[in-house]
Amino acid sequence: MKESLLTNCERNFINKAVEEGTRLDGRNLLEARPVKIYFGSSWGSCMVLLGQTRAVVQVTCDIQQPNTSRPNEGMLHINVELNPLAAQHFDGGRQSESSILISRQLEKCFKDSKCIDLESLCIVADKKVWNLRVDINIINHDGNLIDCASIATLAALSHFHRPDVTSTGENIIIHSFAEKDPLPLTLYHYPVCVSFITFESGNTIMDPTYLEERVGVAQLTLGMNSYREVCSLHFNYLMKTMTVEDVISAVSNYAANYAAKLVKQIKEAVTHDVEARYNKNDHNTNRFKECITMRKLTTMNSECISIKLHKWGQLEKEEPDEANLEEDEGNRYKIIKPGEASAELIVGNGMSVGEGGPNTWNVSESSEEETGDIEMTTEVRKEENKVLDNIEISGDSEEETTEMLDSRDIMQ
């Protein structure tokens, strides 16, 4: 399925909002979305939530022969899958240009920057080495896939533990986790990707959403570690008047600070989960089950849209026109602030929009006072039927003898 086209109204609205320094989700221009990290039951299984963008990563390993050019180093392969579950225009079962581009950027950030000690993955030189495979699955697409995938990859590699092996001449013994404790990977540094989008007005934003990516004219992705070093760089532009030097000079400091903050969060999450596993305390860990809402209707459940308002409690009072004199004042709308950075539109009678009006079937007291045709009558209650003992039933006939009663007998 092809990607839906972006209308000119949406494009102009986003450009105008960014030009005025406002974003649709209420963030500042150089402010990123919150990051949540969850780990699975196996080593190297990780799920990362960057706003509404979600990525699941699984790291696996097997023993293979090394490359002839590097006989004493292990191997690292990164594969990215864009599932149709994430977006309708993704084709499942085959590599697309977007997935190939993300895979190459991640390989430059992790493999070419030498962040993993590949020599420690060598079992027997020129014969047997460990082959690491990182499988990344995007399950929800709301923009900035490269950043979400890089955070998930770094968290999964930091969390992964490989089995311990013993080499006895020609034989190699792989010990299970019950026999010997698994060994973590050796990481020299921790790189992550930080993306920026530049618009026609010249303003640059951090961590763009899906709509902002489609409207922007230039995209910059920096791979940086906690030491403020650039590990990789990717610049894609549509306007040739803009150069990469102009964008880097404006956002390099923000990218370095954000990368250091992300690396610290990843290290704390990994350390906390590893300690909880060895202590066998699963109550204090962030697992996949904690990010799933059970026994609730989640299909229509959505968070409040964060909007930016200058004055919360103030209403703009319009002068009444002659045509609006007969309009009921209770039907006017007003804005309330239910929570932090959120708002809700309610009607003047205290009901929120979409909840429906009052029941119009019952006659209210106000309508009774206005209309004079309604007459109040006394209530008549039906008494229970009295059992008459004087009824005689003849055995020859199946019919019952009845006795006629007057209205006076009933009133008694």
Side-chain angles (χ1 to χ4, degrees), residues 37-48 55-81 95 99 102-139 148-192 231 263 266-267 269-271 273-278 285 287-288:
I37 303 175
Y38 301 95
F39 296 100
S41 58
S42 59
W43 293 107
S45 179
C46 178
M47 176 188 290
V48 170
V56 178
V57 177
Q58 177 65 59
V59 180
T60 56
C61 63
D62 58 349
I63 298 177
Q64 293 184 5
Q65 291 185 354
N67 295 327
T68 56
S69 59
R70 299 180 182 275
N72 59 342
E73 290 185 0
M75 294 177 290
L76 174 65
H77 298 281
I78 299 177
N79 180 39
V80 178
E81 292 289 340
Q95 289 283 342
S99 61
I102 296 175
S103 301
R104 290 179 178 177
Q105 294 184 35
L106 293 177
E107 287 181 354
K108 291 180 181 179
C109 183
F110 292 95
K111 188 176 180 179
D112 297 344
S113 64
K114 306 295 182 180
C115 71
I116 301 178
D117 185 11
L118 297 179
E119 292 184 357
S120 62
L121 301 178
C122 179
I123 302 174
V124 179
D126 203 11
K127 290 184 178 181
K128 301 294 181 181
V129 296
W130 285 106
N131 176 37
L132 297 180
R133 180 181 176 88
V134 182
D135 293 313
I136 306 170
N137 288 277
I138 306 297
I139 61 176
C148 185
S150 67
I151 297 171
T153 302
L154 180 59
L157 289 174
S158 303
H159 184 263
F160 179 71
H161 286 58
R162 63 175 178 83
D164 195 2
V165 295
T166 302
S167 177
T168 58
E170 297 180 356
N171 298 327
I172 297 175
I173 302 174
I174 302 176
H175 301 282
S176 63
F177 293 164
E179 296 176 352
K180 289 187 177 181
D181 293 336
L183 302 177
L185 299 178
T186 303
L187 301 179
Y188 293 129
H189 58 93
Y190 295 79
V192 289
C231 303
V263 170
I266 293 172
K267 287 183 178 180
V270 172
T271 303
D273 185 80
V274 171
E275 292 178 355
R277 287 173 184 269
Y278 282 109
T285 58
R287 298 297 174 84
F288 286 174

Do [X] and [Y] make a side-chain contact, defined as non-hydrogen atoms from C-beta onward lying under 4.5 Å apart?
| X | Y | answer |
| --- | --- | --- |
| Tyr38 | Val56 | no |
| Pro163 | His175 | no |
| Ile172 | Thr166 | no |

**Report entry** Check: Ser45 side chain, Ser42 main-chain N or O, donor-acceptor pair, under 3.5 Å
**Finding:** no
Report task. Tell me, with the steps shown, if Cys115 and Tyr188 meet side chain to side chain contact (heavy atoms under 4.5 Å, CB included). Result -> CA-CA 5 Å; Cys115 71; Tyr188 293 129; 5.6 Å; no
From [X] atom [atom1] to [Y] atom [atom2], the distance as rounded to the nearest 0.5 Å:
| X | Y | atom1 | atom2 | result |
| --- | --- | --- | --- | --- |
| Ile116 | Leu185 | CD1 | CG | 6.0 Å |
| Ile174 | Lys180 | CD1 | NZ | 12.5 Å |
| Leu187 | His189 | CG | NE2 | 9.0 Å |
| Ile123 | Ile63 | CD1 | CD1 | 4.0 Å |
| Leu76 | Phe110 | CG | CZ | 9.5 Å |
| Cys231 | Lys114 | SG | NZ | 13.0 Å |

N/O donor to acceptor pairs below 3.5 angstrom from side-chain atoms of residues 149-159, sequence neighbours left out:
from, atom 1, to, atom 2, distance (Å)
Ser150, OG, Ile146, O, 3.3
Ser150, OG, Asp147, O, 2.8
Ser150, OG, Cys193, N, 3.2
Thr153, OG1, Ala149, O, 2.7
Ser158, OG, Leu154, O, 2.8
His159, ND1, Gly44, N, 3.1
His159, NE2, Asp273, OD2, 2.7
His159, NE2, Arg277, NE, 3.3

Query raised in the report: Can you name the nearest heavy-atom pair linking Pro182 to His161, along with the distance?
Result: CB-CB, 3.5 Å
Report summary line: Closest non-hydrogen contact found for Phe160 with Val59 is CE1-O, 3.4 Å
Result block: side-chain N/O donor-acceptor pairs under 3.5 angstrom for residues 68-75, not counting sequence neighbours:
none

Query - Gln65 atom CD, neighbour heavy-atom count above 12 within 6.0 Å - result: no
Going by atom type alone, with no hydrogens or angles, which donor-acceptor pairs under 3.5 Å involve a side-chain atom of residues 127-134 and a protein atom two or more places apart or on another chain?
from, atom 1, to, atom 2, distance (Å)
Asn131, ND2, Asp62, OD1, 3.3
Arg133, NE, Asp135, OD1, 2.9
Arg133, NE, Asp135, OD2, 3.4
Arg133, NH2, Asp135, OD1, 3.4

Query raised in the report: Under the side chain to side chain contact (heavy atoms under 4.5 Å, CB included) criterion, do Ile136 and Ile102 qualify, and how do the steps go?
Result: CA-CA 10 Å; Ile136 306 170; Ile102 296 175; over 6 Å; no
